[in-house]
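In what follows, a structure is listed as structure tokens, so that the remarks can point back to it.
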Amino acid sequence: MNATIRLQREDFDAAAESAKLSRGRTDIGALVTFTGICRDNESGHGVAAMTLEHYPGMAEEEITRHVKDAQARWPLMGVTVIHRYGRMTPGDNIVLVVTASAHREAAFEAANYLMDFLKTKAPFWKLEERPDGKNWVDAKSADDEAAQRWRT
Amino acid sequence: MNATIRLQREDFDAAAESAKLSRGRTDIGALVTFTGICRDNESGHGVAAMTLEHYPGMAEEEITRHVKDAQARWPLMGVTVIHRYGRMTPGDNIVLVVTASAHREAAFEAANYLMDFLKTKAPFWKLEERPDGKNWVDAKSADDEAAQRWRT
Amino acid sequence: MRLLYFAWVRERVGKTDEDISPPADVRTVAELMEWLAGRGEEYAYAFENRKVIRAAIDRNHVRPDTAIAGAREIAFFPPMTGG
Amino acid sequence: MRLLYFAWVRERVGKTDEDISPPADVRTVAELMEWLAGRGEEYAYAFENRKVIRAAIDRNHVRPDTAIAGAREIAFFPPMTGG
């Protein structure tokens, strides 16, 4: 299994990362690419920028654990997870998950699973710059509930 | 809502199509790209090539109906569906679904929904070239069951 | 009305499309398939297992008991395998 | 042992990390937070609502009742908001 996990300040090229997983292979039937992007609006208030803080070391380890879980749950031929940190403005890429499998369900579910865990378990924190000042984003109970559905 | 639906013999550029949906926008938080690829193996037997036949006119109409359904079910900011027809060899792209939304669940679910319907309702038929001759691919009951889950 | 055939239904019938005028007592999609099956060996072969064949009237999926009155274009094909 | 603070816990404590030697009767993560809260105004503020603060020992998420014995690195932070 081809697994790439990277934390970086720089932007990523979703297309190039996704192409890397499938290039030259004829056994992959389904490729899912999820890109999370910085939005200019969160629950009705404007967002001028966002700074992502992370716990170096633990972030990589935690993502690696969940990538291994995903590999154990679904027959994957490749997984790429890239998470950025630092300051981003609306329209900037934040996170990339790419999954490759013979079949579409495995690719969709593994990508969904990894995103649910990045949201709730990977040690990252978002500081938003709003019109009324800086604000640490609250965790969403909807994200916790989404992650709960994999606990079977 | 930005919707692109194309049936074509030529290959597509998944990266360019996905970039087209998000370029210059700051309201999109999640972009899901699904690429279906021709595999060299199907249920244990080799596949040298595959020819996709379609019902011109109805294929576009049927996909348009399901894209509209998806727009009604989820808050989407953009959808692209491209389905190829003609002869393909392993590693070739077959189908592309891109969905853009503010939130990841909508983007994931809409892409999944559209793929389930492309598999079971869009008028396309696959003729495989196997070592033992040409063979029309049988519809899979797993695909019908996957499509059933959206009927609520 | 115009008939269209796809995939192995097309291969068995031996043509992609044709214009037909079925008798007035052929009212539904199922009755049309039965009538077609009686038109010769290739049709009998194409429509031998009618339960698996799907139909569309004017580019909309329909059930076997759907009336064909007013249809301009009726298509017959196996279950779809796109995506 | 080394302590690390992230996000608003870090901002309130006013530092990213420090080395500490808590007394022997501080046995669990919850007891460590209680002890830290008594170390001054900034700690009292950072740990005033201890129920929402999460902890990791040696880079693994842990519950408040987890023993801290043998830990090299303990981190405190709010619920994660990555992805």
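So you know, we letter chains A, B, ... as the sequences are listed, proteins then strands, and number each from 1. Just so you know, these numbers use all the heavy atoms, side chains as well, and skip hydrogens, waters and symmetry mates. None of these values were measured; they are calculated from a predicted model.
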ring-ring contact (aromatic ring centres under 6.0 Å, His included) contacts in which one or both residues fall within residues 54-73 of chain C, not counting sequence neighbours: none
For chain B, which candidate among C:A56, C:A75, C:P78 shows the most heavy-atom pairs at distances under 4.5 Å? C:P78
Chain C: which of B:R84, B:M115, B:E61 shares the most heavy-atom pairs with it under 4.5 Å? B:E61
Quick one: pull up OG1 in C:T81 and CG in B:L118 and give me the separation to the nearest 0.5 Å. 12.0 Å
I need the full list of salt bridge (charged side-chain N to carboxylate O under 4.0 Å, His left out) pairs touching residues 46-58 of chain C, with sequence neighbours left out, sorted by first then second residue. C:R12-C:E48
Do NZ/NE/NH1/NH2 and the carboxylate oxygens of B:E53 and C:R10 come within less than 4.0 Å? yes
With a 4.5 angstrom heavy-atom cut-off, could you sort out which part of B:D143 is near chain C: side chain, backbone, both or neither? neither
Indicate yes or no: at least one non-hydrogen side-chain atom of B:R65 is less than 4.5 angstrom from one of C:N60. yes
When B:Y55, B:F117, B:Y85, B:F124 are compared by non-hydrogen pairs under 4.5 Å with chain C, the top option: B:Y55
CZ/B:F12: more than 12 non-hydrogen atoms of other groups inside 6.0 Å: yes
Residue part contacting chain C, namely of B:K140, when any heavy atom lies under 4.5 Å: neither
From the list B:T51, B:L127, B:V137, the residue making the most non-hydrogen contacts under 4.5 Å with chain C is B:V137
Below 30° counts as parallel, above 60° as perpendicular, anything between as tilted: where do the rings of B:W125 and C:F6 land? parallel
Does CD belonging to C:E41 count more than 12 external heavy atoms closer than 6.0 Å? no
